[in-house]
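The structure appears below as structure tokens.
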There are 2 protein chains.
Amino acid sequence: MSRPPLAREKVLDAYEAILIADGARAATMEAIAREAGVSKGGLLYHFESKEALEAALIARMTDLALADIAELSADADGPVAAFVRTSVMTGHPLDRAITATSKLAQTGNVAASDALRGIRDRWADLVRPHVRDDAALQLVLLVSDGLYFNNALVTGVLPGPLPRDAELDALVELVVEATRGA
Amino acid sequence: MSRPPLAREKVLDAYEAILIADGARAATMEAIAREAGVSKGGLLYHFESKEALEAALIARMTDLALADIAELSADADGPVAAFVRTSVMTGHPLDRAITATSKLAQTGNVAASDALRGIRDRWADLVRPHVRDDAALQLVLLVSDGLYFNNALVTGVLPGPLPRDAELDALVELVVEATRGA
DNA sequence: GTCTATATACAGATAGAC
DNA sequence: GTCTATCTGTATATAGAC
């Protein structure tokens, strides 16, 4: 946990980058090692198996998400606005970790699906007191899921059909308005 | 196109079933053949490669989606309500095809991502005239994306955290209300 | 049109040098 | 702690019998 070796982080960054850019099929041990600038043997010194590597990625995502949840609680605009807004921060560590973990989940990795569902439940707990009812809660969560899903769908390059800047502001405003508590 | 051989359909059903239940990693030619009740050789008579099989799945999804779009146009409740509602029809052919194609897209299959984006654009064209502005359009599409994403995340069994019945009615009502055109 | 048997390729993992 | 070389398992695809 505390002060993880730099090489491990470098490998996890490489793993995420390949998952995000090229998908799970391309994320072989050899490709990850190459991207991280080490050999396959060197990689396997830090992570004894592919499964261990996957587990480390999932753990990193969970840590970042829990930190995000703590931050959102303190946001001045209110958790709903902050939550929707952070769902579209392409390139930020948490966003990358979630997108990568989603790709992993879709290949059949149960630990990845479980972790994503767990984090989603925590977000739900955070948002629930700030919306009027269950339908409103579902709406907020589903918009966030949709933003992540679209992020995950964009393999290769960046742009995609996601709302940005003024467009995102309008979406956030609409979601907040439609779900605000009594 | 017209009246495809039964064996091909049976194989595609098997492919979808494995993608949905166990993820892309488990969807090997051998597993697909077994699920379809044929041998690997028999499967390869109908689909000359894994790539051909993937292309056929994507084509089937596109056909079903275009038919769905045609139906939605005629729905009495209005396209927005019908669109959100059909996004959660677990077990229906279109829903299965989209979920399966999503799993494929996450492994790095570019044709799958492109097809999904193309269908999403068509849905956007259908919904746009019925909502008040761009933010509203994004909201409707993102809720639908979120519903599919959650479907895709539930590997193994059915339930999941998706809204059902009365809960779904309330969500649909909220989305329609929040996005209705002037 | 469907099968079995086999060829080829490559991913994950091990062994041991440096 | 990182490397190269190699082993093993498994996935796709081919060949050819039935």
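Here is how names work: the chains are called A, B, and so on, in the same order as the sequence lines, proteins then strands, and each is numbered from 1. Since we're looking at a predicted model, the values are computed, not measured.
By the side-chain contact (heavy atoms from CB on, under 4.5 Å) test, T86(A) pairs with D68(A), L72(A), M89(A), sequence neighbours left out.
One can place CD of E30(A) at 13 Å from C1' of dA5(D), the figure rounded to the nearest angstrom. For the pair R25(B) CZ and dG9(D) C1', the interatomic distance rounds to 13 Å; values are reported in whole Å. Between the NZ atom of K10(A) and the C1' atom of dT2(D) there is a distance of 11 Å, given to the nearest Å. The distance from atom CE of M29(A) to atom C1' of dC3(D) is 15 Å, rounded to the nearest whole Å.
Under 4.0 Å is where a charged nitrogen must lie from a carboxylate oxygen, and between R117(A) and D114(A) at least one such pair does.
A side chain to side chain contact (heavy atoms under 4.5 Å, CB included) with T179(B) is found for one member of V84(B), V140(B), L137(B) and no other, namely V140(B).
Residues in residues 104-152 of chain B take part in these ring-ring contact (aromatic ring centres under 6.0 Å, His included) pairs, two or more places apart or across chains: F149(A)-F149(B), F83(B)-W123(B).
A donor-acceptor pair is defined here as one N or O able to donate and one able to accept, closer than 3.5 Å; such a pair exists between the side chain of S73(B) and the backbone of I69(B).
Between N109(B) and I58(B), the closest side-chain pair of non-hydrogen atoms falls below 4.5 Å.
Within residues 38-54 of chain B, the residues approaching DNA chain D are K40(B), L44(B), S49(B), K50(B), by heavy-atom distance under 4.0 Å.
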